[in-house]
Amino acid sequence: MSINKSFEEFIKGIPKAELHLHIEGTLEPELMFEIARRNNFEIKHKSVQALRDAYNFNNLQEFLDIYYEGASVLITEQDFYDMTWAYIEKAHSQNVLHAEIFFDPQTHTSRGISFDTVINGIHKALDDAKEKFGITTKLIPCFLRDLDANAAMETLNQACAYKNWITAFGLDSAEVGNPPSKFKDVFDAVREKGFLTVAHAGEEGPAEYVWEVINLLKVSRVDHGNHSLGDTTLVEYLSENKIPLTVCPISNLKLKVVSDLKDHPLRKMLQKGLHITLNSDDPAYFGGYVNENYLALAESIGLTKEEVCQLAKYSFEATFLTDEEKELLIKKVDEFYKKNL
Ligand code: ADE
Ligand code: ZN
């Protein structure tokens, strides 16, 4: 299904939030090579093109292997700043007014890079985002679920020195075989310290993992959540309690969570009353930022202007902003809609 130019401009122009974005997943090959060069770090692949050619994944693990390898070029605070700033410029160009950004501290601390280096570089770029573009952000460190709970607890302790910069904690990496229950005590500690929680669940793992992140980790949002649809009671629960799912269509296609975007469950999710937000996950690896995710769905399953508007409003409703801040942003969506009917 092709979409006309004016609808394309409507999608690109509508104000939106991004709530599922791994900052390490925004590291484009060109910047990766530039950072590697200045750090005297040798990348296995010989060129930007060779690297891009390797971005073919049959599942989450195949992607994670390349993604962690890519992140290993990041060494100095400036590296983390440059990666984050490149994303902010992209977000600004796509009318993202607010972003809640994941990062993976353990990917770096396990290589001897200090937590301080990582968060200082990212945070400085987010400060500049507010000052230069008026983009607001929240920061969400994620625990790697294929590592053990003690390592996660240690990361939580390191992060506590930066309490004012952190809103919530998340859970990511290899899902199957690493159930959320493994991190119940860590997430109890996270909430005791006053942070909110989110977690990846139901991307490759079963609906049971989605129940676990709700009941044990007490998440405010579920990241992905695709496999929730197989459990009617769960779908009703998510809908009744307005628990948002941060869905990432192009990621789902590239990691073979769906075999064709025409089969993407987004329409079914919306029909069931789920609060869905559209996001890009790891755009440098999957070939699309947030606007491309909206456009890809519009082209594959067909979206109306009203549905695009609803998705943009859900994206702001699902943020960790205050009710007043959310209202202001939702009003911007309504104004945009009225002007572009
Ligand atoms: N880390 C980065 N992207 C991820 C994804 N889609 N699922 C789990 N962990 C991730
Ligand atoms: Zn993700």
Side-chain angles (χ1 to χ4, degrees), residues 17-28 32 55-72 74 80 83-84 87 99-110 118 122 138-147 151-152 155 168-180 182-183 197-206 209-210 212-213 217 219-228 244-258 264-265 276-290 292-293 296 315 318:
E18 169 125 73
L19 304 179
H20 186 150
L21 185 278
H22 302 264
I23 201 65
E24 294 90 345
T26 68
L27 185 56
E28 293 285 351
M32 194 189 291
Y55 292 175
N56 267 309
F57 316 110
N58 289 305
N59 52 46
L60 175 59
Q61 190 59 56
E62 285 188 13
F63 156 69
L64 289 171
D65 291 342
I66 283 196
Y67 162 83
Y68 292 133
E69 199 180 304
S72 61
L74 300 161
F80 288 93
M83 172 179 65
T84 308
Y87 167 68
E100 304 196 345
I101 296 175
F102 298 137
F103 71 107
D104 287 338
Q106 291 159 293
T107 298
H108 313 297
T109 52
S110 64
V118 179
I122 296 172
K138 306 274 181 197
L139 204 44
I140 306 177
C142 290
F143 304 119
L144 300 185
R145 68 201 305 159
D146 45 342
L147 303 185
T155 300
F169 280 81
L171 185 66
D172 66 2
S173 202
E175 186 181 7
V176 175
N178 293 298
K182 182 173 153 186
F183 296 93
T197 63
V198 298
H200 284 54
E203 180 184 19
E204 285 189 343
Y209 285 14
V210 180
E212 284 190 16
V213 301
L217 309 189
V219 296
S220 303
R221 303 192 289 253
V222 176
D223 297 315
H224 292 296
N226 294 47
H227 290 158
S228 307
L245 303 188
T246 63
V247 172
C248 309
I250 297 179
S251 162
N252 293 158
L253 180 68
K254 298 289 177 179
L255 300 186
K256 303 208 165 36
V257 172
V258 297
H264 195 278
I276 301 303
T277 74
L278 289 189
N279 309 274
S280 60
D281 209 4
D282 303 285
Y285 291 88
F286 302 147
Y289 286 77
V290 69
E292 285 77 30
N293 275 273
S315 78

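We're numbering straight along the sequence, starting at 1. When reading the values below, keep in mind they use all heavy atoms of this one structure, side chains included, and skip hydrogens, waters and symmetry mates. Just follow the structure's listing: the first ligand is 1, and inside any ligand the first atom is 1. In this text, all values refer to a predicted model and were calculated from it rather than measured experimentally.
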So does Pro206 get a backbone contact from the side chain of His227, meaning a donor-acceptor N/O pair under 3.5 Å?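 No; judged by distance alone, with no hydrogens or angles, the pair does not exist.
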For the pair His200 (side chain) and Asp223 (backbone), establish whether a donor and an acceptor sit closer than 3.5 Å, ignoring hydrogens and angles.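 No, His200 side chain to Asp223 backbone: no donor-acceptor pair under 3.5 Å.
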Do Ser280 and Asn293 meet the criterion of a side-chain donor-acceptor pair at a distance under 3.5 Å?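 Looking only at side-chain atoms, Asn293 and Ser280 do not form any donor-acceptor pair under 3.5 Å.
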Side chains of Asp104 and Tyr67 only: does a donor on one sit below 3.5 Å from an acceptor on the other?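 Indeed, the side chains of Asp104 and Tyr67 share at least one donor-acceptor pair under 3.5 Å.
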Closest to atom 6 (N) of ligand 1 among Leu255, Thr107, Asp281 (heavy-atom distance):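 Of the listed residues, Asp281 has the closest heavy atom.
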Per-atom contacts of ligand 1 with [X], taking only distances under 4.0 Å to non-hydrogen atoms:
X      : answer
His224 : 6 (N)
Phe63  : 2 (C), 3 (N)
Glu203 : 5 (C), 6 (N), 7 (N), 8 (C)

When rounded to the nearest 0.5 angstrom, what distance separates CG in Leu64 from CG in Asn59?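 With rounding to 0.5 Å, CG (Leu64) is 9.0 Å from CG (Asn59).
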Which residue and non-hydrogen atom of the protein lie closest to [atom], and at what distance in Å?
atom                   : value
atom 4 (C) of ligand 1 : His22 NE2, 3.6 Å
atom 3 (N) of ligand 1 : Asp282 OD2, 2.7 Å
atom 9 (N) of ligand 1 : Ser173 N, 2.8 Å

Any N/O/S atom, backbone or side chain, of [X] lying under 2.8 Å from the Zn ion (ligand 2)?
X      : value
His22  : yes
Asp281 : yes
His200 : yes

Which segment of Phe102 sits under 4.0 Å of ligand 1 when only heavy atoms are counted: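 It is neither; nothing of Phe102 touches ligand 1.
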May I ask you to identify, for Glu175, whether its side chain, its backbone, both or neither come under 4.0 Å of ligand 1 on a heavy-atom basis?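 It is neither part, as no heavy atom is under 4.0 Å.
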Kindly indicate, with the supporting measurements, whether the criterion side chain to side chain donor-acceptor pair (under 3.5 Å) is fulfilled by Tyr68 and Ser173. CA-CA 10 Å; Tyr68 292 133; Ser173 202; 2.7 Å; yes
Report yes if some heavy atom in the side chain of His224 is under 4.5 Å from a heavy atom in the side chain of Cys248; otherwise report no.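 When only atoms from C-beta onward are counted, Cys248 and His224 do touch, with a gap below 4.5 Å.
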Positive for side-chain contact (heavy atoms from CB on, under 4.5 Å) with Ile101, one of Ile140, Leu19, Ile23: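 Single side-chain contact (heavy atoms from CB on, under 4.5 Å) partner of Ile101 among Ile140, Leu19, Ile23: Ile23.
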